[in-house]
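As structure tokens, the structure follows; a few thoughts come after it.
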Protein chains: 2
Amino acid sequence: MKEARKSIEEKLLLAARRLFCRAGIHATGVTRILEEAGVARASLYTHYGSKENLLKAVFDTEANMWFHWFDLDLPHLKCSPRERILALFDLLEKWFAKEDFFGCVFINAVAEHEKDSRWVKDIAGAYRDQIIDRLRSLVVESGARDPDMLTQKLGLIIEGAIVTAMVTQNSQAAYIARLAAEDVLRCMEYAPSPTENSASSAAPVTMESI
Amino acid sequence: MKEARKSIEEKLLLAARRLFCRAGIHATGVTRILEEAGVARASLYTHYGSKENLLKAVFDTEANMWFHWFDLDLPHLKCSPRERILALFDLLEKWFAKEDFFGCVFINAVAEHEKDSRWVKDIAGAYRDQIIDRLRSLVVESGARDPDMLTQKLGLIIEGAIVTAMVTQNSQAAYIARLAAEDVLRCMEYAPSPTENSASSAAPVTMESI
DNA sequence: AATAAAATAGACTGATCGGTCTGTTTTTGA
DNA sequence: TCAAAAACAGACCGATCAGTCTATTTTATT
């Protein structure tokens with residue numbers, strides 16, 4: 001296949017995302033980003049204008065990873081909504097196992113910036129809301145009785161998996177998280193799905209019957 | 001009661017812990033710590049020698065908070081081991097609700113330092129191991145069938161709660177985490193405790209009977 | 001009250017930061 | 001092929017960083 005040459009923006013984004021997560025945002029100087037990207041100093045400023053704007057662009061790429069999972073990868077799976085939720089943890093495991101996984105740039109950025117800073121919290125929070133919304137759609141599809149509560153539990157478990165994987169440098173955190181997610185799913189009562197299981201009684205499915 | 005005057009070490013520790021978590025470690029200059037602590041510049045260096053040593057001392061205070069919970073607060077509760085595990089999440093909720101809660105200094109420090117840095121990862125990791133060990137003791141006390149797995153699940157949920165509370169600035173994360181913890185406890189089979197329930201059958205308690 | 005030790009304010013240093021600017025080389029498109 | 005645009009290397013700037021130092025004031029001990 002064609003060896004597509006990376007654009008300057010791509011080279012900067014890849015190097016910045018990697019370094020911001022591996023070494024921290026404040027601890028990463030622009031000089032180091034430029035060395036790793038193999039790009040001239042002035043190019044960073046003609047393309048992004050500032051280190052801060054480059055960070056915002058890295059936020060974009062990280063959010064797009066999540067959107068790709070929810071909007072393209074998971075819908076293509078031929079399985080039940082419940083299994084689609086669990087498949088998310090398999091995607092997490094592949095992410096954690098990458099040699100350049102060093103945590104989530106949103107979480108890390110919030111951790112190392114002024115907590116009442118407008119722009120970091122607002123941008124990271126807005127992306128987080130969009131990701132949680134997609135998770136909630138998956139949960140609603142599954143027919144859970146209390147989708148908001150289940151979404152919050154799963155979101156918390158996902159964030160716990162990310163942080164545990166970062167501090168332990170072990171992708172097994174995704175597997176633990178998947179098992180914990182199975183537990184909370186098992187404990188949630190499901191309403192019968194309108195498309196499948198239409199012959200069963202109207203009584204909710206309890207955890208004993210799963 | 002006596003108005004105990006804070007020592008210079010205490011004033012520096014309190015200000016540093018607060019600022020390291022609220023604004024980030026790299027983003028916090030020593031000048032700002034000194035202003036907030038109301039202490040002279042030279043005093044920081046006579047007492048701690050460097051900003052890095054001050055961070056290590058902050059690690060100590062954060063670890064002592066956890067040790068106090070596990071070694072003093074929880075053992076005093078007159079309740080079942082299972083309820084003691086859940087009481088941990090009530091302690092988390094009180095922590096999150098404090099007006100100067102801005103995340104866990106261990107997690108935040110790992111997030112914003114070089115991931116293969118020896119000292120940050122080693123110190124934070126060693127404290128984490130000690131905390132997880134105490135959690136495992138609680139789990140073993142509860143008589144769970146697979147204490148290692150349960151400990152990992154609960155540890156992951158706790159870290160998820162901390163990060164969720166940090167990014168959402170909402171102590172409700174502890175409540176969600178407690179409910180999730182109840183779910184994983186419910187799904188874990190318990191062996192009969194040797195001290196209580198000695199009259200029951202040898203069959204393990206399943207989740208239906210809880 | 002006198003003296004020694006500790007804490008104070010704040011100037012200072014060398015290094016590094018994000019960002020700008022200059023001049024040269026490479027790429028691109030007609 | 002040739003001119004315009006883009007990317008290049010690297011010097012440079014003002015600000016800020018952690019840490020040192022001096023000189024003064026406060027505290028503690030006798």
Side-chain angles (χ1 to χ4, degrees), chain A residues 2-59 105 108-109 111-114 117-120 123, chain B residues 2-59 105 108-109 111-114 117-120 123:
Chain A
K2 198 76 160 303
E3 168 77 14
R5 300 186 69 88
K6 277 181 279 189
S7 72
I8 288 184
E9 278 96 346
E10 280 176 309
K11 288 193 278 191
L12 283 170
L13 276 178
L14 286 172
R17 186 186 177 189
R18 171 180 164 80
L19 286 170
F20 285 163
C21 286
R22 196 184 78 185
I25 297 163
H26 286 108
T28 299
V30 294
T31 304
R32 193 167 165 201
I33 299 174
L34 298 166
E35 287 169 356
E36 192 123 335
V39 157
R41 192 171 186 84
S43 298
L44 190 156
Y45 292 94
T46 60
H47 285 275
Y48 291 104
S50 69
K51 183 187 178 186
E52 186 173 305
N53 283 338
L54 179 57
L55 174 59
K56 291 177 185 172
V58 170
F59 283 168
V105 73
N108 293 5
E112 67 170 298
H113 281 84
E114 195 86 33
S117 148
R118 269 303 135 254
W119 74 272
V120 176
I123 294 181
Chain B
K2 199 77 161 302
E3 167 78 14
R5 297 185 73 87
K6 277 182 277 190
S7 72
I8 289 185
E9 277 96 346
E10 280 176 309
K11 288 193 278 189
L12 284 170
L13 276 178
L14 286 173
R17 186 184 178 193
R18 171 180 164 81
L19 285 170
F20 285 163
C21 286
R22 196 184 76 184
I25 297 162
H26 287 108
T28 298
V30 293
T31 304
R32 193 168 164 199
I33 298 174
L34 298 166
E35 288 169 355
E36 192 122 337
V39 157
R41 192 172 188 85
S43 298
L44 190 157
Y45 292 95
T46 60
H47 284 276
Y48 289 104
S50 69
K51 183 187 178 185
E52 186 174 304
N53 283 337
L54 179 56
L55 174 59
K56 291 178 185 173
V58 170
F59 283 169
V105 72
N108 293 5
E112 67 170 297
H113 281 84
E114 194 88 31
S117 150
R118 268 303 134 257
W119 76 272
V120 176
I123 294 180

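These numbers come from a predicted model, not from an experiment. Throughout, protein chains are lettered first and strands after them, A, B, ... in sequence-line order, and every chain is numbered starting at 1.
Taking atom CG of residue A:L12 and atom P of nucleotide C:dG19, one finds them 13 Å apart after rounding to whole Å. For B:I33 and D:dA18, the CD1 to P distance is 7 Å, given to the nearest whole Å. Atom CZ of A:F20 and atom C1' of C:dG18 are 12 Å apart (whole Å). Counting to the nearest Å, the C1' atom of C:dT20 and the CG atom of A:L34 are 14 Å from each other. Regarding B:K11, its NZ atom lies at a distance of 13 Å from the C1' atom of C:dA6, rounded to whole Å. Atom pair B:I8:CD1 and D:dT26:C1' shows a separation of 11 Å (rounding to whole Å applied).
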Yes or no on side chain to side chain contact (heavy atoms under 4.5 Å, CB included) for B:L44 and B:I8, after CA distance, side-chain angles and deciding distance? CA-CA 8 Å; B:L44 190 157; B:I8 289 185; over 6 Å; no
Quick one, A:F20 with A:L55, criterion side chain to side chain contact (heavy atoms under 4.5 Å, CB included). Give me CA distance, side-chain angles, the key distance, then yes/no. CA-CA 8 Å; A:F20 285 163; A:L55 174 59; 3.8 Å; yes
List the steps and the verdict of side chain to side chain contact (heavy atoms under 4.5 Å, CB included) for A:L54 and A:V30. CA-CA 10 Å; A:L54 179 57; A:V30 294; over 6 Å; no
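Nucleic acid contact for B:S7: none, since no nucleic acid atom lies under 4.0 Å from a heavy atom of the residue.
A distance of 14.0 Å separates NZ in A:K51 from NZ in A:K56, rounded to the nearest 0.5 Å.
Closest approach of B:L13 and B:V58 over heavy atoms only: CD2-N, 3.8 Å.
Residues from residues 35-55 of chain A lying near DNA chain C, meaning a heavy-atom separation below 4.0 Å, are A:R41, A:A42, A:Y45, A:S50, A:K51 in numerical order.
Between B:H113 and B:H26, the ring planes are tilted. Angles from 30° to 60° get that label.
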